[in-house]
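Here the structure comes first, spelled out in structure tokens, and everything after it is commentary.
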Amino acid sequence: QVSLSTKLRSTTDSLSGDSKDAEEWESTRKIVGSLATFGVLETTYLTSQKVLGGLALCSSADCSSVLSGPYSSIGGVPVSFLGLVSYAAVLGLCVAPSFFPQCERRVRLPLVFTTAVMAGFSAWLVALLVLKLQAFCAFCFASAALSWSNFALTAQQQQRDRAAAATENDDDDDGSN
């Protein structure tokens, strides 16, 4: 039998972010935040090249043609700028709990959702790049890889949380706690 004080301490630990899942999320956020930082740097460079009309330094001429092509903007907004805003949002969600520990649990779902949207949009852009434009753009593929990696990491962490919660619920149903 688990005492009431043990259950309360466990609940308090979960709410304060001291539990094992909080530590796992912190580790995941550090990795995702690092990848998002690279994404911010890359998309800042690409946005500046798009806005200033420069040629992107790339291993192929396709990068500059993609950057200046008909699919490089949506409604006049550079796609690279949308990426910059998205990577900055992910980075913000990753670092927010460092400054506001009370929001640690609240950033999880928005982080998974944002990375999922980015991964989906990146998949569409890569399909467009390969199938329609038939071009190779290392920056585009790198950004897609960052987006997919961030989504994979956050989705995997979310899945671990659900599995742990299901195990806890099974234990509670068995009366073992």
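Predicted model, so just to flag it, every value in this text is computed and none were measured.
- Counting all heavy atoms, side chain and backbone alike, Ser73 lies closest to Pro78 at OG-CA, 3.8 Å.
- Across every non-hydrogen atom of Val66 and Ala135, the tightest pair is CG2-CB, 3.9 Å.
- To the nearest 0.5 Å, atoms OG1 (Thr28) and CZ (Arg160) are separated by 5.5 Å.
- Expressed to the nearest 0.5 Å, how far OG of Ser149 lies from CD1 of Ile31 amounts to 10.5 Å.
- Note that OG of Ser98 and CZ of Arg29 are 6.5 Å apart. Values are rounded to the nearest 0.5 Å.
- Hydrophobic cluster membership is shared by Phe121 and Tyr71, with clusters built from Ile, Leu, Val, Met, Phe, Trp and Tyr side chains linked at under 4.5 angstrom.
- Put simply, Val130 and Val79 are part of the same group of oily side chains (I, L, V, M, F, W, Y) that touch within less than 4.5 Å, one to the next.
- Side-chain contact check for Gln158 versus Thr154: every heavy-atom pair is 4.5 Å or farther apart.
- Here CZ of Phe136 is found 9.0 Å from CG of Leu129. Values are rounded to the nearest 0.5 Å.
- Val85 and Val107 fall within a single hydrophobic cluster, where Ile, Leu, Val, Met, Phe, Trp and Tyr are joined by side-chain heavy atoms under 4.5 Å apart, directly or via other members.
- A ring-centre distance under 6.0 Å is not found for Trp148 and Phe151.
- Note that the CD atom of Glu24 and the CD atom of Glu26 stand 11.5 Å from one another [nearest 0.5 Å].
- Residues meeting the salt bridge (Lys or Arg N to Asp or Glu O under 4.0 Å) test with Lys132, sequence neighbours left out: none.
- Proximity of a side-chain donor or acceptor of Ser48 to a complementary backbone N or O of Tyr45 within less than 3.5 Å is detected.
- The closest side-chain donor-acceptor pair between Gln159 and Arg162, if any, does not fall under 3.5 angstrom.
- Pairs passing the side-chain hydrogen bond (donor to acceptor under 3.5 Å, both in side chains) check and including a residue from residues 77-90, sequence neighbours excluded, read Thr47-Ser80, Tyr87-Ser143, Tyr87-Ser147.
- Of the options Thr37, Leu146, Val32, a side-chain contact (heavy atoms from CB on, under 4.5 Å) to Val90 is made by Val32 and by none of the others.
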Step-by-step side-chain contact (heavy atoms from CB on, under 4.5 Å) determination, Thr114 to Met118:
CA-CA 6 Å; Thr114 304; Met118 290 175 70; 4.2 Å; yes

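- Counting heavy atoms from C-beta outward, Arg108 and Asp161 have side chains that approach closer than 4.5 Å.
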